[in-house]
Every structure is written in C-alpha cells, then in structure tokens.
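Everything on this sheet refers to the single structure shown next.
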Amino acid sequence: MTLAASALRALLSLGLAAALAAPMSQNALLRDDLWRSFNALPNTERPKLGLVLSAGSLRATTHVGVIYALENAGFRFDVVTGTSMGAVLGSLYAGGLPISKIWQEALKLHVGSGSNLDALSLIRLLLADKLLSSAPTERFIHEQLGDKRFEDLPRRFACVAMDLYTGEAIVFREGDVGLAVRASMNLPGVFQPVEYRHRYLVDGGVVDYIPVDAARLLKADWVLASVAEADYTHARPTSVLQSLEQVIDIRGSLLSREQRKQANFVIEPPVGDIGSMEANRIPEAIRKGVIAATRAAPKAQENLILFSMKELMRGWLPEAQ
C-alpha cells in the first residue's frame, strides 16, 4: 500500500532515513518517536494490521495475555483471524469485547466448555459410538456477541474449519459468527461434524493451525501471529481426547513451519508443556502470554515501522523524482 506523501515527510522529519540505515534497537528514543507518529496516522494512511491466533486448545488461552500486552503497547488491529480456540478468542476480540472481559471468560474455560462433554456422554461415545454435540460453543458466542454476523463485527474477522470429506480448509468470513466458530473448534472423532452448505465441518487446526493466509485474504498488510504450539515430543496421551488433540498438534506443528514464514512477526509464549486439557494452568498460560508479548513488543514495533517506511518510500520516492 502507499501512504500519503505528507505522512512520509512528517516521519522523515523525525529521522526516518537514519532509522533505515541502522538497527532501530540501537535507538529506543527514535523508535518511540516513530511509533507515536505511526499511531497518530489516520487509518487510511497506515497499513492494515492483522492479528492471527493459532489453534492449541486450552493452551491457546495464552493469546489473551498476548492481546492484553499488545494493546498496552499501542497496537491497533484491523483484522483478526483464528483457528479452533484461536477462533473462539478471536471472535470475542473482533466482536468488540474488552480484553478484561475476554480474560474473565478465559479463566472459566474447562475441558467440557462448548460441548455436552461429561462422564455420561463419554460413556455413550465409547459404548454406543454416539458423537457428542458442540452446540454449546455456538450458544456461548451468541451469549457474548449476540446473534451477529461477520459483517456486524467492529473488526474484520475470519476463522477456519476443515471439510471432513475433502480435507479442504474452509475459511469463514461471512454468515453467522457462532456457527463458524463452532465449526472451527469441532474436534473430529468426538463431536458431530457441523453441517453447513452440504459440507461436514470439523476442527480447522488440522489444515490451518496458524491462519495467516486468512488474514491476507482479509487484506491485512502486516501480520502478527500469536502461536500456542505444543511440545508434543514429551506428551503421553492417556485418553481419546488427548490422543486426538496430539494428532492435531503434530499436524499443526508441521504446517506452522511454513505459516510462520508468511507472518511479518511471530510471538510464541513458552506454553508447550501445558497440556491441551489442563484447565488449572490457564492463568499460567495467560500470564506467559503477557510476559512474552511485553518483551516482544518493542521488536514488533520496529518491524512494523520499518515495514511501513519501506511501503512509504516505495510509493513516494518516484513521485519526488
């Protein structure tokens, strides 16, 4: 994208050329001045910022801490995408809920959240081969956001599910938000596939663990990905649920190698040792997200400023000549 020449001149007056010639980390004052100037730009004269939230089950509640720290650092995201638990949290954030409210809701999550999972239903699953329902996920989103459609959200939002019969990644960016989020975190083999337009949809973590491509589809220019990847090499599943989650984590890890390269900046809190079902460690996961994002924020600011400067220079210098 090309920003206005006037905005470029304003930034140049603060020493932009010097910033291009040397690592910005060597001059924190310059970075802070440029960051304030960047944030003062109107939305039409700055890149569209995309926030991508990975899958990761309860471990992915670390995204709440990441968002909290990034907001405090002055990041204003225009686009939000997520898969599985990232879709749940991303929909709430894109829907305009304050991060304090999302934090409160994240602390209430547990293994059975968003489903009819309990001891009796598990017995029914094992003995009668009857898949469980994930309908409570849809109800939860409707309770938090109302019966909103994607076009009603304050921020542009997309989430990803998988077509069980074709293996295709299905990117939701229109229609009912609750249904889409339900499909995105619909664990295969445990929950009934979500039927949508003659497709049968399950958890998107198998095909798009870090949905950077969805953020690009929504026209995000600069993308920051928050990744909650598991250290599955030390995990020893002891249940059907844990085994299925580990399969998704392994597949997601393979996918994420390329997806990370597509993002402009990646924050990965050290939550790999937190089990996908360990609800008691959610406060720890959120805290680690806050710490990781707080430490990474200055580098992320530098990355975004340099990206913006290059875009500005590319659009303005020919005109100046």
Side-chain angles (χ1 to χ4, degrees), residues 1 24-25 31 35 38 46-56 59-71 73-91 93-94 155-160 169 171-173 184 204-231 248-249 251-272 285 288-311 314:
M1 77 181 272
M24 292 183 63
S25 57
R31 180 194 65 224
W35 183 244
F38 175 84
R46 64 175 180 83
K48 289 193 185 321
L49 307 191
L51 175 65
V52 175
L53 307 178
S54 77
R59 182 191 319 110
T61 52
T62 195
H63 299 322
V64 176
V66 170
I67 295 171
Y68 174 85
L70 292 176
E71 279 202 343
F75 284 86
R76 296 180 291 160
F77 291 100
D78 308 283
V79 168
V80 182
T81 65
T83 297
S84 197
M85 182 59 75
V88 174
L89 300 172
S91 69
Y93 186 53
R155 292 181 176 90
R156 297 201 68 188
F157 174 63
C159 60
V160 184
V171 180
F172 281 93
R173 48 181 174 151
S184 184
V206 180
V207 289
D208 208 354
Y209 200 83
I210 312 173
V212 176
D213 52 348
R216 300 294 187 194
L217 192 63
L218 294 183
K219 307 302 182 184
D221 299 302
W222 184 88
V223 173
L224 184 150
S226 176
V227 180
E229 194 170 306
D231 181 7
I248 292 175
D249 285 338
R251 174 64 176 164
S253 178
L254 296 174
L255 287 172
S256 72
R257 295 173 188 174
E258 184 59 34
Q259 291 170 326
R260 290 166 185 267
K261 298 176 186 177
Q262 298 170 8
N264 296 92
F265 198 85
V266 175
I267 296 177
E268 185 172 9
V271 294
K288 287 184 173 182
V290 173
I291 294 171
T294 300
R295 289 174 175 170
K299 287 290 186 183
Q301 290 171 344
E302 292 177 11
N303 185 289
L304 175 53
I305 291 169
L306 288 171
F307 172 87
S308 302
M309 290 190 300
K310 291 174 182 177
E311 293 299 304
R314 186 162 30 239

Looking at [atom1] of [X] and [atom2] of [Y], how far apart are the two atoms once the value is rounded to the nearest 0.5 Å?
{"X": "M309", "Y": "L304", "atom1": "CE", "atom2": "CG", "result": "10.0 Å"}
{"X": "R257", "Y": "Y209", "atom1": "CZ", "atom2": "OH", "result": "13.0 Å"}
{"X": "I210", "Y": "T81", "atom1": "CD1", "atom2": "OG1", "result": "10.5 Å"}
{"X": "L51", "Y": "F157", "atom1": "CG", "atom2": "CZ", "result": "10.5 Å"}
{"X": "F75", "Y": "Q301", "atom1": "CZ", "atom2": "CD", "result": "5.0 Å"}

Could you tell me which non-hydrogen atom of [X] sits nearest to which non-hydrogen atom of [Y], and how far apart they are?
{"X": "C159", "Y": "A87", "result": "CB-CB, 3.6 Å"}
{"X": "A285", "Y": "T61", "result": "CB-OG1, 3.7 Å"}
{"X": "A228", "Y": "T62", "result": "CB-CG2, 3.9 Å"}
{"X": "T83", "Y": "G205", "result": "CG2-N, 3.3 Å"}
{"X": "S54", "Y": "A60", "result": "O-CB, 4.1 Å"}
{"X": "L224", "Y": "A300", "result": "CD1-CB, 4.2 Å"}

Exactly one of V66, I67, V64, V80 should register a side-chain contact (heavy atoms from CB on, under 4.5 Å) with L89. Which one does?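 Going through the options one by one, the only one that passes is V64.
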V79: which of L218, L49, V52, L217 passes side-chain contact (heavy atoms from CB on, under 4.5 Å):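 Only one of L218, L49, V52, L217 forms a side-chain contact (heavy atoms from CB on, under 4.5 Å) with V79, namely L218.
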Decide yes or no for [X] and [Y]: does some side-chain heavy atom of the first lie under 4.5 Å from some side-chain heavy atom of the second?
{"X": "D78", "Y": "R46", "answer": "yes"}
{"X": "R156", "Y": "K48", "answer": "no"}
{"X": "S308", "Y": "F38", "answer": "yes"}
{"X": "L70", "Y": "I267", "answer": "yes"}
{"X": "R216", "Y": "Q262", "answer": "no"}

Would W222 and F77 count as a close aromatic pair, with their ring centres under 6.0 Å? no
Looking only at side chains, do D213 and Q259 share a donor and an acceptor under 3.5 Å apart? no
How about CZ on R295, more than 12 heavy atoms from neighbouring residues, nucleotides or ligands closer than 6.0 Å, or not?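 At most 12 heavy atoms, drawn from other residues, nucleotides or ligands, come within 6.0 Å of this atom.
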Is it true that, when you exclude R173 itself, more than 12 heavy atoms of the residues, nucleotides or ligands shown sit nearer than 6.0 Å to its CZ? no
